[in-house]
Amino acid sequence: MSNSTRKIKLTLSESHGKNWLNELSLNIKSINSDSIHLNCKGLKLTCKDIKYIKSLFLKEKINLLSIESTNAESIVSASALGIQTFLKLKEEADNYAEESATISEREQIKSKIFFHQGTLRSGEILEVDHDVLILGDVNPGAIVIAGGNVKIWGRLLGIAHAGKDGDSHAKITALQLRPVQLRISDKIARGPSEKPDEGFAEEAKIEKGIIVIKPARTN
Amino acid sequence: MKSVTSDTRVILICSGKGGVGKTTLTANLGISLASKGSPTAVLDADFGLRNLDLLLGLENRIVYTAQEVLEEKCRLDQALVKHKQEPNLSLLPAGNPRMLEWLKPEDMKRIVEMLSNEFEYVLIDCPAGVEDGFKNAVAASKEAIIVTNPEISAVRDADRVIGLLNSNGVKPIQLVLNRVRPKMMESQEMLSIEDVTDILALPLLGLVLEDEQVIVSTNRGEPLTLIGSQSPAARCYSNIASRLQGEEIPLIDPSKEGSGLRDKLRRLMQTKIF
């Protein structure tokens, strides 16, 4: 069946560094399909990694259809390259795979960041106790509230509240920061009236007691 | 309750905000689809403020309503009002406003299921707002058309409704941008098509140009598409119906609308000199 799409899975754990590359190049020859859904589990892949994987597949004339992962960063990287992505929640993934992480480790990963895929539309409110990463836009009329940082892989056009429990170091980051209102800890600011330059991610944080917007730094 | 298994297309026409043209679109789309040969039912789900019957000019022919059908006081075919000039189109009128007190999503599903057995298209005219009436209508629908105007409040409400439809598993959802004024869009006094689709992120099923003839036809109870009008809005409605049936018709370009010689002549003929 040359037209069939099959799923292959990368089952290497994160600690083995770039070992997944070897496994992939070994497995790639045995794929007799012209398109593929890739499951990367908890593997943390950068844009560079995914580009490389894509080129490997292309060499074999295989079309990379989608990427499935439990790792938020892999999902973001893949989305940035325009590949369809599916985020699997950790618990969900555990049902069909043995994870090497201990329970306490897993708890840690879970509590660090909350991941939301999809656009928040008018009237929708997303409230989490920790950091939140949104893959999609926050439309006017929608509200994101987080105990920690708010990161938006998309446009922020609604209201965002970071550090709701008083964390004044919390930041709000978005690819396009055009909010109605920004709130960090107990500070409130109106969104900028002029449109920001497109194509530069920006972040808002508290400096000297007021909320300022600056180009986002990579760290 | 078993789900509808036939391949009838049950389409909810909704907007969130009132007065953007849900009912007008339902009436015109119903007539268009029917005149293209598809047996079509239009269901007025706006029990509180019903007026789909007015727009279709069928008010005086209503005997039974959805209410009597549900109470099993009459058969479905007794309640359906067939349009005289367009026999492929039937209207199931809304009952009296007090129905809202007891109507459940299951009742709506039952009605739609009955209609699905006999029609190819079931268009549901959804009430404005996102309260019970809306929820009932959503429960019975498979796909949806969102109607919005190029103004900020209508777009905001549409966005809210899309979120609710998404969480209810209604798809596909398509967009109709109503009351487009090419001149105002050109001078950027009105939200542009891109502004709207940018926020709502939905496929555009069609544009409907602002047209005074719509008001005239509404007051007469004769949908524009019924009388074979060639007015701008009528053409838009008929294009939307064709696209719904799977034909590929390019979207009109608002910036070119009304500048051609034919349009100018038509406008001249419609202008009352005396």
Side-chain angles (χ1 to χ4, degrees), chain A residues 66 75-76 79-80 82-87 89 114-128 132 134-145 152-160 174-181 190-202, chain B residues 12 14-18 20 126-135 137-138 144-177 188-204:
Chain A
S66 71
I75 295 281
V76 171
S79 296
I83 298 167
Q84 201 190 2
T85 53
F86 298 100
L87 176 85
L89 295 175
F114 180 88
F115 193 86
H116 177 90
Q117 191 166 19
T119 297
L120 278 188
R121 294 193 181 264
S122 173
E124 293 182 311
I125 299 175
L126 178 66
E127 183 166 357
V128 295
V132 62
I134 295 170
L135 193 64
D137 295 345
V138 176
N139 275 0
I143 306 177
V144 198
I145 305 170
I152 298 162
W153 191 264
R155 299 174 301 174
L156 171 60
L157 309 172
I159 297 176
L175 292 189
Q176 223 187 82
L177 207 59
R178 275 164 58 193
V180 173
Q181 204 181 75
R190 270 181 299 153
S193 46
E194 74 274 18
K195 283 187 178 179
D197 299 331
E198 286 200 13
F200 293 102
E202 291 181 304
Chain B
L12 180 70
C14 57
S15 68
K17 188 177 179 295
V20 294
C126 182
V130 291
E131 289 79 30
D132 287 349
F134 170 77
K135 284 176 193 153
V138 170
I145 295 176
I146 299 267
V147 190
T148 190
N149 294 354
E151 53 188 73
I152 239 151
S153 55
V155 172
R156 185 71 63 95
D157 292 355
D159 195 39
R160 174 107 182 86
V161 166
I162 296 163
L164 294 171
L165 290 174
N166 276 336
S167 56
N168 277 291
V170 177
K171 68 177 176 185
I173 308 172
Q174 289 168 296
L175 183 68
V176 168
L177 192 54
Q188 297 190 334
E189 291 170 305
M190 192 177 240
L191 290 181
S192 72
I193 298 165
E194 288 74 31
D195 289 337
V196 177
T197 50
D198 205 33
I199 296 248
L200 300 182
L202 288 185
L204 196 57

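Residue numbers start from 1 in every chain, and the chains themselves are labelled A, B, ... in the order their sequence lines are given, proteins ahead of strands. Only this structure's heavy atoms are used, side chains among them; waters, hydrogens and symmetry mates stay out.
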Between chain A and chain B, which N or O donor and acceptor atoms come closer than 3.5 Å?
{"from": "A:R121", "atom 1": "NH1", "to": "B:D159", "atom 2": "OD1", "distance (Å)": "2.7"}
{"from": "A:R121", "atom 1": "NH1", "to": "B:L200", "atom 2": "O", "distance (Å)": "3.0"}
{"from": "A:R121", "atom 1": "NH2", "to": "B:L200", "atom 2": "O", "distance (Å)": "2.9"}
{"from": "A:S122", "atom 1": "N", "to": "B:D159", "atom 2": "OD2", "distance (Å)": "2.7"}
{"from": "A:N139", "atom 1": "ND2", "to": "B:D159", "atom 2": "OD1", "distance (Å)": "2.9"}
{"from": "A:N139", "atom 1": "ND2", "to": "B:D159", "atom 2": "OD2", "distance (Å)": "3.0"}
{"from": "A:N139", "atom 1": "ND2", "to": "B:I199", "atom 2": "O", "distance (Å)": "3.0"}
{"from": "A:R155", "atom 1": "NH1", "to": "B:D198", "atom 2": "OD2", "distance (Å)": "2.5"}
{"from": "A:R155", "atom 1": "NH2", "to": "B:D198", "atom 2": "O", "distance (Å)": "3.0"}

Residue set satisfying side-chain contact (heavy atoms from CB on, under 4.5 Å) with A:P179, at least two apart, ordered chain then number -> A:L156, A:L177, A:L182, A:P192
Per-residue tally against chain B (heavy atom, under 4.5 Å) across A:A142, A:G118, A:P140 peaks at A:P140
